Number of protein chains: 2
Amino acid sequence: MPTSDTRAEATSPFLRELFDRDSLSPVRVRVEAQRSIYATGDEDDALYLIESGQVKLLMSSAAGQECLVAIYTAGDVFGESCLQGTGKRNETASAMQATVVRRVSRREFLAEVYRSNAYESLIRHLAARLAERQTAIFDLVTMDAERRLAKVLLAFAEKLGAPDGPYLRMQERISHEDLSQIVGTTRPRITKFMQGFRKAGLIQGKRAIVVDREKVREFLEQE
Amino acid sequence: MPTSDTRAEATSPFLRELFDRDSLSPVRVRVEAQRSIYATGDEDDALYLIESGQVKLLMSSAAGQECLVAIYTAGDVFGESCLQGTGKRNETASAMQATVVRRVSRREFLAEVYRSNAYESLIRHLAARLAERQTAIFDLVTMDAERRLAKVLLAFAEKLGAPDGPYLRMQERISHEDLSQIVGTTRPRITKFMQGFRKAGLIQGKRAIVVDREKVREFLEQE
DNA sequence: CTGCGTCTGTTCAGTATTGAACATGCATTT
DNA sequence: AAATGCATGTTCAATACTGAACAGACGCAG
């Protein structure tokens with residue numbers, strides 16, 4: 001019974017802390033909204049910590065098809081794909097709003113992991129991300145689009161939302177367009193589902209989305 | 001343009017070698033066809049090397065829905081999910097035929113990685129698996145079922161097949177049922193697609209599937 | 001060589017999903 | 001306040017997909 005936070009993953013504190021070490025010399029980079037930090041095919045051999053803002057990770061095909069793999073926010077580390085050691089990115093990281101990141105090269109990062117004997121933590125982290133992706137695959141194969149959307153909303157609410165009675169209030173908006181690229185369906189479909197959810201009381205509001213944790217869980221339970 | 005071997009992943013030689021070290025004391029286990037090596041919820045804290053046979057990794061829900069995440073064969077290492085350190089399995093590994101595996105506990109495995117200073121290799125391996133899963137997600141979100149099937153066939157042929165002219169001949173069969181759980185569609189659908197592929201010359205034969213690498217690639221290219 | 005079980009082939013009605021088009025709403029700029 | 005631009009809402013015909021049911025083929029154990 002997979003219940004992981006599909007594509008709204010938390011970063012383990014240890015990874016975050018690594019970026020604070022004096023021995024590292026992270027470069028602080030400010031990125032405009034809609035600008036990419038790295039793109040498919042780039043030779044970018046670094047990891048990033050988000051100081052503020054929001055970043056989406058997307059894969060795309062030559063034909064222009066896109067899929068949103070994950071969204072990261074302040075405190076998250078992303079760019080682990082460089083740990084493959086191929087030197088090339090196979091996805092694009094793009095700022096969803098004005099964002100500030102700290103950048104550390106793979107070599108420096110790994111050297112610091114070595115110095116602090118933190119390999120097992122890093123391995124734990126990667127194994128956990130692997131499990132999350134695996135759960136995402138399971139969801140795509142076995143659940144219908146509506147359910148997948150509910151799950152994604154719940155995941156984001158739990159990651160980004162502030163408690164508000166039985167609700168979780170999300171400050172950051174996610175466009176229907178983005179949601180469709182996460183869920184794997186079309187934009188009009190998302191609109192329809194969202195309306196249904198609103199009617200059923202699973203979510204509330206338009207500007208800031210407010211999610212009723214329990215009701216969404218209930219919806220996901222029912223066969 | 002993701003082109004990884006979706007769900008037919010090769011194991012890096014270094015991982016395989018680790019299982020040969022004298023300092024490790026792997027337990028050799030013989031598993032009957034259709035028996036599971038570990039199952040969802042099990043407390044199984046080990047990695048496995050396949051000596052002979054074939055293993056499928058599947059995730060399942062309480063409702064009985066299943067999804068085939070990966071297939072591993074002789075020489076592959078699986079069970080990395082234990083590296084999360086939760087002590088519990090969140091997927092099931094099941095022998096598709098009589099299979100012999102070598103089992104090494106996580107602690108022993110990591111100790112050996114430490115002794116041989118091979119952390120970076122392990123990290124590379126995990127990062128690569130992560131990228132593969134990511135590609136699988138992309139495929140599920142952006143491609144239709146027929147294309148996904150073509151891709152899966154190609155991946156397996158390249159992993160398991162022996163060259164035979166322009167073809168790759170697969171000794172091991174994969175049932176339509178299994179394929180449907182990989183691709184995320186129904187069994188009758190797979191049958192239909194396979195017939196279409198046969199007509200178009202992408203594949204040949206019934207017993208042993210024979211795949212025309214080039215033709216399948218062509219099919220995948222065409223938008 | 002017979003029966004059994006498993007896998008493949010086939011059909012189909014019902015449903016879900018796509019993709020394209022157009023309409024509306026809501027901020028931001030001028 | 002009008003104009004602009006972007007996100008959401010709405011519709012619909014065409015298509016893809018599901019799930020269930022049944023038939024045939026094949027391999028294997030008795």
Side-chain angles (χ1 to χ4, degrees), chain A residues 32-34 54 56 61 63-68 94-98 139-150 153 170-199 203-210 223, chain B residues 32-35 54 56 61 63-68 71 94-98 139-150 153 170-199 203-210 223:
Chain A
E32 305 287 301
Q34 323 305 337
Q54 206 167 14
K56 63 182 172 186
S61 71
Q65 307 233 69
E66 288 195 337
C67 157
L68 207 166
S94 149
M96 299 173 74
Q97 44 186 263
D139 291 347
L140 283 162
V141 168
T142 62
M143 310 199 306
D144 59 21
E146 189 175 20
R147 231 162 264 284
R148 258 149 40 214
L149 175 58
L153 287 176
M170 283 197 268
Q171 52 280 64
E172 312 296 357
R173 286 165 61 64
I174 306 178
S175 75
H176 291 189
E177 180 67 35
D178 278 347
L179 284 172
S180 74
Q181 290 190 350
I182 296 177
V183 167
T185 185
T186 55
R187 204 217 11 102
R189 211 108 243 286
I190 297 285
T191 302
K192 264 292 172 208
F193 292 147
M194 293 296 266
Q195 283 164 352
F197 290 166
R198 222 168 267 134
K199 233 168 241 151
I203 64 172
Q204 265 186 32
K206 296 216 168 178
R207 305 276 75 211
I209 296 172
V210 176
E223 175 243 358
Chain B
E32 305 287 300
Q34 323 306 336
R35 283 271 181 289
Q54 206 166 14
K56 63 181 172 186
S61 71
Q65 307 233 69
E66 288 196 335
C67 157
L68 207 165
I71 293 186
S94 150
M96 299 173 74
Q97 45 186 260
D139 292 347
L140 283 162
V141 168
T142 62
M143 310 199 305
D144 59 21
E146 191 174 18
R147 231 162 264 283
R148 255 144 47 210
L149 175 58
L153 288 175
M170 283 196 268
Q171 51 279 63
E172 312 297 357
R173 288 164 57 65
I174 307 179
S175 75
H176 290 189
E177 180 67 37
D178 279 346
L179 284 172
S180 74
Q181 290 189 353
I182 297 177
V183 167
T185 185
T186 55
R187 206 221 6 107
R189 213 109 240 288
I190 297 286
T191 303
K192 265 290 172 212
F193 292 148
M194 293 295 266
Q195 283 164 350
F197 290 167
R198 222 168 266 134
K199 235 167 240 152
I203 63 173
Q204 265 187 32
K206 295 216 169 176
R207 306 278 73 213
I209 297 172
V210 176
E223 172 232 3

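In what follows, every chain begins at residue 1, and chains take the letters A, B, ... in the order their sequences are listed. The shown structure was predicted, so the numbers you read here are calculated from the model rather than taken from an experiment.
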Side chain of A:H176: nearest nucleotide among C:dG9, D:dA7, D:dG9? D:dG9
Rounded interatomic separation in angstrom, taking CG from A:D144 and P from C:dT18: 11 Å
From CE of A:M96 over to C1' of D:dA7, roughly how many Å is that when rounded to an integer? 13 Å
Would one find more than 12 heavy atoms of other residues, nucleotides or ligands at under 6.0 Å from atom CZ of B:R198? yes
Below 4.5 Å, heavy atoms only, C-beta onward: do A:F193 and A:L179 meet side chain to side chain? no
Whole-Å distance separating the CD1 atom of B:I209 from the P atom of C:dC7: 14 Å
Does OP1 or OP2 of C:dT10 have a side-chain N or O of B:Q195 closer than 4.0 Å? yes
Starting at CD of B:Q34 and ending at P of C:dG5, how long is that distance when rounded to a whole Å? 16 Å
The side chain to side chain contact (heavy atoms under 4.5 Å, CB included) partners of A:Q54 (sequence neighbours excluded) come to A:I71, A:T73, A:M96, A:Q97, A:L160, A:E172
Please state how far atom CG in B:L179 lies from atom P in C:dT8, giving the value in whole angstrom units. 8 Å
Answer whether the closest heavy-atom distance between the side chains of A:K192 and A:R189 falls below 4.5 Å. no
Nearest heavy atoms of B:K56 and B:L68, plus distance in Å: CD-CD1, 3.9 Å
Might you point out which heavy atoms bring A:I209 and A:M194 nearest each other, and give the distance in Å? CD1-CE, 3.7 Å
The answer to which of B:E146 and A:I174 contacts DNA chain D further toward the 5' end, by nearest nucleotide, is A:I174
In B/S/- notation, 5' to 3', how is nucleotides 18-30 of chain D contacted by protein heavy atoms closer than 4.0 Å? B-BB-----S---
Quickly work out the A:R173 CZ to D:dC6 P distance and round it to whole Å. 15 Å
For the side chain of B:F193, starting at C-beta, report the closest nucleotide among C:dT17, C:dG9, D:dC17. D:dC17
Rounded to the Å, how far apart are B:E177 CD and C:dT6 C1'? 11 Å
B:L140 vs B:R148 side-chain heavy atoms within contact, under 4.5 Å: yes
Helical bend (five base pairs per end, nearest 10°) for the helix from C:dC1-D:dG30 to C:dT30-D:dA1: 40°
Using a cut-off of 4.0 Å on non-hydrogen atoms, how would the nucleic acid contact of A:R198 be classed: base, sugar-phosphate, or nothing? sugar-phosphate
Looking at every heavy atom in both B:A145 and B:V183, which two are closest together, and how far apart are they? O-CG1, 3.6 Å
Less than 4.5 Å apart, any side-chain heavy atom of A:R147 and any of A:D144? yes
Spacing of A:Q181 atom CD relative to D:dA7 atom C1', expressed in whole Å: 14 Å
